2 protein chains.
Amino acid sequence: MYELFFQKFQEKVPLTDEEQEQIKAYLTPKKLRKRQYLLQEGEVCKAIAFVERGALREYSVDNGSEHILQFAIEGWTISDLFSFLTGEQATYNIDALENAELVLITKSAHEELLKKQPKYETYMRLLITGAYIALQRRLTSNISLPVEERYTSFTEMYPDIAQRVPQHMIASFMGVKPETLSRIRKKMAERK
Amino acid sequence: MYELFFQKFQEKVPLTDEEQEQIKAYLTPKKLRKRQYLLQEGEVCKAIAFVERGALREYSVDNGSEHILQFAIEGWTISDLFSFLTGEQATYNIDALENAELVLITKSAHEELLKKQPKYETYMRLLITGAYIALQRRLTSNISLPVEERYTSFTEMYPDIAQRVPQHMIASFMGVKPETLSRIRKKMAERK
DNA sequence: AAACACTCTTGACTATTGTCAATGAAACGT
DNA sequence: ACGTTTCATTGACAATAGTCAAGAGTGTTT
């Protein structure tokens with residue numbers, strides 16, 4: 001259990017066996033069925049979730065339409081960080097696109113680990129730094145590139161997600177309507 | 001010197017006088033004239049810059065058109081983090097919109113501080129976490145909201161920047177053409 | 001003071017994306 | 001295996017944003 005979690009952890013920060021055991025004591029496993037919520041808008045986000053198996057999404061809802069902020073498949077971490085850290089109401093929803101097995105770091109576990117295990121803080125720092133850089137790139141491509149190029153770069157960057165997730169969710173992730181993505185794919189196919 | 005830097009630092013992580021002196025030894029002051037580059041695409045980003053006075057922007061260039069990723073005024077931090085951390089070529093440019101006074105943390109200072117001063121690591125973690133959360137919100141509003149609402153929320157969130165920076169740069173930041181922003185402002189004014 | 005660069009606005013036109021509605025195919029649950 | 005939901009596609013039309021070109025107002029430089 002927690003194999004993938006510690007594999008990803010150790011890619012960033014190596015751990016001795018004892019350190020790993022120490023950290024393990026703070027983790028909570030959780031299973032989620034497809035369509036089940038991990039977090040709903042308005043609740044307080046009580047954990048950071050690492051995906052051991054399955055696929056989740058994080059999204060906001062605006063006038064009834066969903067906007068996907070993030071996907072998370074095996075090896076990824078997902079949370080409403082703002083709500084988690086401040087205790088304020090979450091503005092995002094998180095639910096499972098497939099049955100999933102998660103490793104949860106609860107708020108209290110997070111705080112204890114920050115106090116007791118410097119390597120945890122380092123891991124968190126590196127994790128968020130990587131997420132930040134990825135998000136900067138996504139934003140840059142969003143304000144710079146036409147939809148078609150954003151779509152091809154998405155499928156090249158995340159071919160696994162592109163295959164596992166319905167098209168209209170990729171459209172939502174990209175910030176366009178499903179019909180628009182469908183037409184763009186058609187044009188691309190015709191050109192080939 | 002470095003007043004604002006340490007004020008912002010201590011808002012996140014309190015320091016003793018000795019700790020502050022220790023950290024101060026790693027900082028480098030730098031002045032930048034209006035239009036001067038701090039970083040050019042293709043170079044390696046050699047420092048994280050904190051703005052004591054003035055205003056900078058970070059932007060990418062695509063087919064000759066500029067796309068502003070970030071503004072930074074007093075109290076903000078700016079860098080091409082990816083290039084800084086990996087030593088790869090920068091994909092962003094950073095230059096001064098006004099004469100500016102900066103506090104630089106060079107790569108070697110950054111590494112030494114991470115080793116020697118745990119509070120520096122904590123500060124960095126919190127700094128990036130805050131930046132990450134802000135960026136998530138910006139992306140959410142980019143994929144969710146029409147341009148007009150993005151513009152009003154920008155001016156409400158950053159009234160200081162909205163006043164100091166030319167309109168076409170705000171358009172670039174929002175990912176629309178200057179003409180479009182101009183027309184949206186006109187519509188808004190007519191409705192009032 | 002004249003020349004220049006920069007910024008913002010506006011108009012006419014084009015391109016892209018969204019909306020609404022309908023259809024067929026595939027996947028899902030029982 | 002059946003009915004139900006979910007998904008993707010398409011068409012006709014509307015709304016939004018981009019392109020190109022021109023002009024006016026500012027402020028700066030020399």
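All figures in this text were calculated on a predicted structure; none of them were measured in a lab.
Between Phe71(A) and the choices Trp76(A), Phe173(A), Tyr59(A), the ring-ring contact (aromatic ring centres under 6.0 Å, His included) rule is met once, by Phe173(A). Each of Phe6(B), Phe9(B), Phe5(B) was compared with Phe50(B) under the ring-ring contact (aromatic ring centres under 6.0 Å, His included) criterion, and only Phe5(B) meets it.
Rounded to an integer number of Å, the gap from CZ of Arg185(A) to P of dC7(D) is 15 Å. Atom OH of Tyr151(A) is separated from atom P of dT17(C) by 15 Å (rounded to the nearest Å). Counting to the nearest Å, the P atom of dT28(D) and the CG atom of Asn99(B) are 12 Å from each other. Rounded to an integer number of Å, the gap from Arg150(A) CZ to dT16(C) P is 14 Å. For His67(A) and dG18(C), the NE2 to C1' distance is 13 Å, given to the nearest whole Å. Rounded to a whole Å, the NZ atom of Lys186(B) is 16 Å from the P atom of dA17(D). In this structure, Asn142(A) atom CG and dT16(C) atom P are separated by 18 Å, rounded to whole Å. dA15(D) atom C1' lies 15 Å from atom CZ of Arg183(B), rounded to whole Å.
In terms of position on DNA chain C, the residue among Ser182(B) and Ile184(A) whose nearest nucleotide sits closer to the 5' end is Ser182(B).
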Worksheet item: Could you go step by step and tell me if Tyr132(B) and Leu135(A) meet the side chain to side chain contact (heavy atoms under 4.5 Å, CB included) rule?
Response: CA-CA 8 Å; Tyr132(B) 176 70; Leu135(A) 204 57; 3.7 Å; yes
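Contact between Leu97(B) and Val165(B) at its shortest, heavy atoms only, is CD1-CG2, 3.8 Å.
A heavy-atom distance below 4.5 Å is not found between the side chains of Leu32(B) and Asn99(B).
Residues His110(B) and Tyr26(B) place their aromatic rings such that the two centres sit no closer than 6.0 Å.
Residues from residues 159-179 of chain A lying near DNA chain C, meaning a heavy-atom separation below 4.0 Å, are Gly175(A), Val176(A), Lys177(A), Glu179(A) in numerical order.
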Worksheet, complete the sentence: Reading nucleotides 22-30 of chain C from 5' to 3' and marking B where a protein heavy atom lies under 4.0 Å of the base, S where only the sugar-phosphate is that close, and - otherwise, the string is ------S--
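Here the CE atom belonging to Met174(B) is positioned 10.0 Å from the CD atom belonging to Gln167(B), to the nearest 0.5 angstrom. Distance check, rounded to the nearest 0.5 Å: CG of Leu39(A) to OG of Ser83(A) gives 6.5 Å.
For the OP1/OP2 pair of dG18(C) and a distance below 4.0 Å, the side-chain nitrogens and oxygens of Thr180(A) include at least one atom meeting the criterion.
Using cut-offs of 30° and 60° on the angle between ring planes, the pair Tyr158(B) and Phe154(B) is tilted.
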